[in-house]
Amino acid sequence: MTGRLLSLPVVGNLPADYQTCEDFTMPENVAVAVAFHSGYGHTARQARAVAAGAGSVPGAQAELCDVAVVNDQLWETLASADAIVFGTPTYMGSQSAVFQAFAEASAPIWMEQGWAGKLAAGFTNSAGVNGDKLNVLVSLSVFAAQHGMNWVSLGLPPGGEYSTTGTPEDLNRLGGFLGAMAQSPSDMGPGDSPSGADLRTAEHLGRRLAETALEQVAGRTALALVR
Ligand SMILES: Cc1cc2nc3c(=O)[nH]c(=O)nc-3n(C[C@H](O)[C@H](O)[C@H](O)COP(=O)(O)O)c2cc1C
């Protein structure tokens, strides 16, 4: 993929090996990792929707990482990702213990700020319409901030019952802003939940993160030309 930069702010003296805008090459692709846990399969469906959304963006590749399996391959995949989406079911108003074990296992990376500058986003699924999901998204965003990552929000207006014209089929029917929320009734299996609207909301988050990652990588590439 090639591209041109039409205008770049140029500050200070240009280096001798300064490259012109014509030399600018858009990055071939960006990698989006979806690092998730799911105890019973519902959040895994949401994770697959996030990955599908990210992977639908030209130039973006998405990889699903089940954080129940913490091994070298997981850390290598996350290290090479431009963006990481964190996902967990809401258990007792918080992230699952398995997800938290993964979060704590990332402490050596935190020590070196190995994920600093990567983009991050989050999603969660619970049985309750509210279910204290916001607490989980706040916790995921704090986790990302501790790693020096840049949080990307959902970027959708609230749908559903936010207004009398809303419907259950609306994107962001649960009305969150920090990340993607989904709801799965406690007596419904993962084959039938989360709802289509919640899965499309998850796809939106993946798409938005991948598009933002492309912008960030392209911006860094362009900045490197003028620095
Ligand atoms: C230990 C445990 C705690 C839970 N706590 C909550 C909760 O605080 N709020 C809620 O709405 N649902 C809660 N649930 C329901 C789950 O969030 C819901 O079943 C979800 O779909 C499970 O996702 P999973 O299939 O990916 O594990 C809890 C379920 C379990 C097993």
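For ligands, and for the atoms within them, numbers begin at 1 and follow the listed sequence. Nothing fancy with the numbering, it's 1 onward along the sequence.
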[atom]: which protein heavy atom is closest, and how many Å away?
atom	value
atom 5 (N) of ligand 1	Met92 N, 2.7 Å
atom 25 (O) of ligand 1	His42 ND1, 2.6 Å
atom 19 (O) of ligand 1	Ala127 CB, 4.4 Å
atom 14 (N) of ligand 1	Thr90 O, 3.5 Å
atom 30 (C) of ligand 1	Tyr91 CD2, 3.6 Å

I'd like to know whether ligand 1 has Gly41 as a neighbour, heavy-atom separation below 4.0 Å. yes

Please answer: with hydrophobic residues joined when any side-chain heavy atoms are less than 4.5 Å apart, are Leu119 and Trp151 in the same cluster? no

Would Leu209 end up clustered with Val57 when hydrophobic side chains under 4.5 Å apart are linked, directly or stepwise? no

Just to be sure I read this right, does ligand 1 sit under 4.0 Å from the backbone of Pro89, its side chain, both, or neither, counting only heavy atoms? side chain

Among Gly128, Gly189, Gly131, closest by any non-hydrogen atom to atom 7 (C) of ligand 1: Gly131

Which atom names give the shortest non-hydrogen contact between [X] and [Y], and what distance separates them?
X	Y	answer
Ala62	Ala51	CB-O, 3.4 Å
Gly122	Val85	N-CG1, 4.1 Å
His204	Leu154	NE2-O, 2.9 Å

Please report whether ligand 1 has a polar contact with [X], defined as an N or O pair separated by less than 3.5 Å (distance criterion only).
X	answer
Asn125	yes
Gly93	yes
Ala44	no
His37	no

Contact atoms of ligand 1, heavy-atom distance to [X] under 4.0 Å:
X	result
Ser126	10 (C), 11 (O), 12 (N), 17 (O)
Gly39	24 (P), 26 (O), 27 (O)
Ser184	21 (O)
Thr43	23 (O), 24 (P), 26 (O)

Asp198 and side chain to side chain donor-acceptor pair (under 3.5 Å): which single residue from Gln46, Arg173, His42 fits? Arg173

Please determine, by modelled atom types, if Ser153 and Arg208 share a side-chain donor-acceptor pair under 3.5 angstrom. yes

In terms of the angle between their ring planes, are Trp115 and His147 parallel, tilted or perpendicular, with boundaries placed at 30° and 60°? tilted

Using 30° and 60° as the class boundaries, would you call the ring planes of Phe143 and Phe99 parallel, tilted or perpendicular? perpendicular

Identify which one of Ser94, Ser96, Ser139, Ser38 satisfies the side chain to side chain contact (heavy atoms under 4.5 Å, CB included) criterion when paired with Thr88. Ser96

